[in-house]
Amino acid sequence: MALLEVENLTVSFKTDEGIVTVLHNASYAVEAGEVLAIVGESGSGKSVAMMAVMGLLPRTAEIMADKILFNGHDFLKLTGQERRRLMGKEIAMIFQEPMAGLNPCFTVGAQLDETLQAHEKMGRKARRERSIELLTAVGIPEPERRLKSYPHEMSGGQCQRVMIAIAISCNPKLLIADEPTTALDVTIQKQILDLLISLQTQYGMGLIMITHDMGVVAETADRVVVQYNGRKMEEADVVQLFSNPKNSYTKALLAARPENAEGGRLQIVSDILDDVEGAMQ
């Protein structure tokens with residue numbers, strides 16, 4: 001059984017002009033230990049879908065689905081309180097803008113402690129030790145000193161690492177990363193992606209990577225869902241998607257990828273594409 005199963009998810013918003021549907025009958029599934037990429041341009045409904053699963057959409061949102069099952073829990077039947085107990089503990093989400101995701105009024109240590117206090121039965125000393133352990137795990141230097149730092153005293157890359165530390169603090173079974181590298185420079189992007197995959201492998205988490213970057217998809221994903229204008233266009237294994245895309249939108253996304261991308265799985269799938277194109281000539 002999949003860790004997360006979503007069937008025919010539709011999300012609409014009430015506006016002054018009427019009802020606007022932004023996601024149409026989308027279905028997703030991710031296994032424990034699997035990396036699922038949801039890819040598409042801005043406005044394709046990627047983030048909305050996962051925020052609907054997390055229960056983070058505003059009251060103006062109308063959510064309909066045939067099924068939202070997570071690890072045996074039926075989200076369509078849970079009360080708000082029951083669902084909140086799972087959020088942050090068994091499912092966690094990393095948001096796109098790290099500086100906006102952290103509270104500027106509280107230290108890094110206080111924000112880590114808040115999550116641990118909400119979901120784990122730990123004393124103050126144990127929470128502090130766990131916070132230091134988490135900052136060490138995500139590569140923050142001098143973790144004990146950084147517990148006293150405020151977000152504005154850290155770089156964007158360090159803030160994103162803190163966000164990841166908070167997200168994995170309770171050892172979630174599923175981690176959702178919403179454009180986790182968009183606001184970072186290229187060098188830091190690579191470091192954050194490597195960190196996410198390393199942690200996902202270490203903890204055996206399911207990972208949903210929301211992105212518009214096909215290079216990120218090639219480097220990280222096992223399976224890919226392609227969306228456009230709130231609709232699923234295609235779903236396939238990552239190598240199959242790159243080597244033999246079926247949908248014209250997928251082909252357009254692949255055609256827009258940087259020509260100078262090198263290394264890792266991106267180079268492998270690029271080689272596959274070259275072989276396919278050569279065979280067709």
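Fair warning: this is a prediction, and the values are worked out from it, not measured in the lab. Hydrogens, waters and symmetry mates play no part in the numbers below; they use all other heavy atoms, side chains included. Counting from 1, the numbers follow the sequence of the chain as shown.
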Flag side-chain contact, heavy atom, 4.5 Å: Y150 against V108: no

Short side-chain to backbone donor-acceptor contact, Q200 and M205, under 3.5 Å: yes

Salt bridge (Lys or Arg N to Asp or Glu O under 4.0 Å): pairs with one or both residues in residues 12-41, sequence neighbours excluded: E34-R223

Heavy-atom pair with the smallest gap, counting every atom of K246 and E234: N-OE2, 2.9 Å

N/O donor-acceptor pairs under 3.5 Å from side chains in residues 116-126, not counting sequence neighbours:
residue : atom : partner : partner atom : Å
H119    : NE2  : M87     : O            : 3.2
E120    : OE2  : K89     : NZ           : 3.1

Give every donor-acceptor pair under 3.5 Å between a side-chain atom in residues 155-164 and any protein atom, sequence neighbours left out.
residue : atom : partner : partner atom : Å
S155    : OG   : Q158    : N            : 3.2
Q158    : OE1  : S155    : N            : 3.1
Q160    : NE2  : P180    : O            : 2.5
R161    : NH1  : V138    : O            : 2.6
R161    : NH2  : Q191    : OE1          : 3.1

Under 3.5 Å: donor-acceptor pair, side chain of S198, backbone of D194: no

Pairwise side chain to side chain donor-acceptor pair (under 3.5 Å) hits with a residue in residues 107-116, at least two apart: D113-R127

Short side-chain to backbone donor-acceptor contact, D222 and V35, under 3.5 Å: yes

Residue among D213, L241, V224, V225 satisfying side-chain contact (heavy atoms from CB on, under 4.5 Å) with V39: V224

Side-chain donor or acceptor of Q189 paired with backbone N/O of T181 under 3.5 Å: yes

Side chain to side chain donor-acceptor pair (under 3.5 Å) contacts in which one or both residues fall within residues 133-148, not counting sequence neighbours: R130-E133, E142-R145, R146-S149

Do any side-chain atoms of residues 55-75 form donor-acceptor pairs under 3.5 angstrom with protein atoms, and if so which ones, sequence neighbours left out?
residue : atom : partner : partner atom : Å
D66     : OD2  : N8      : ND2          : 2.6
K67     : NZ   : E7      : OE2          : 3.4
D74     : OD1  : L76     : N            : 3.0

Any I132 side-chain heavy atom under 4.5 Å of P143 side chain: yes

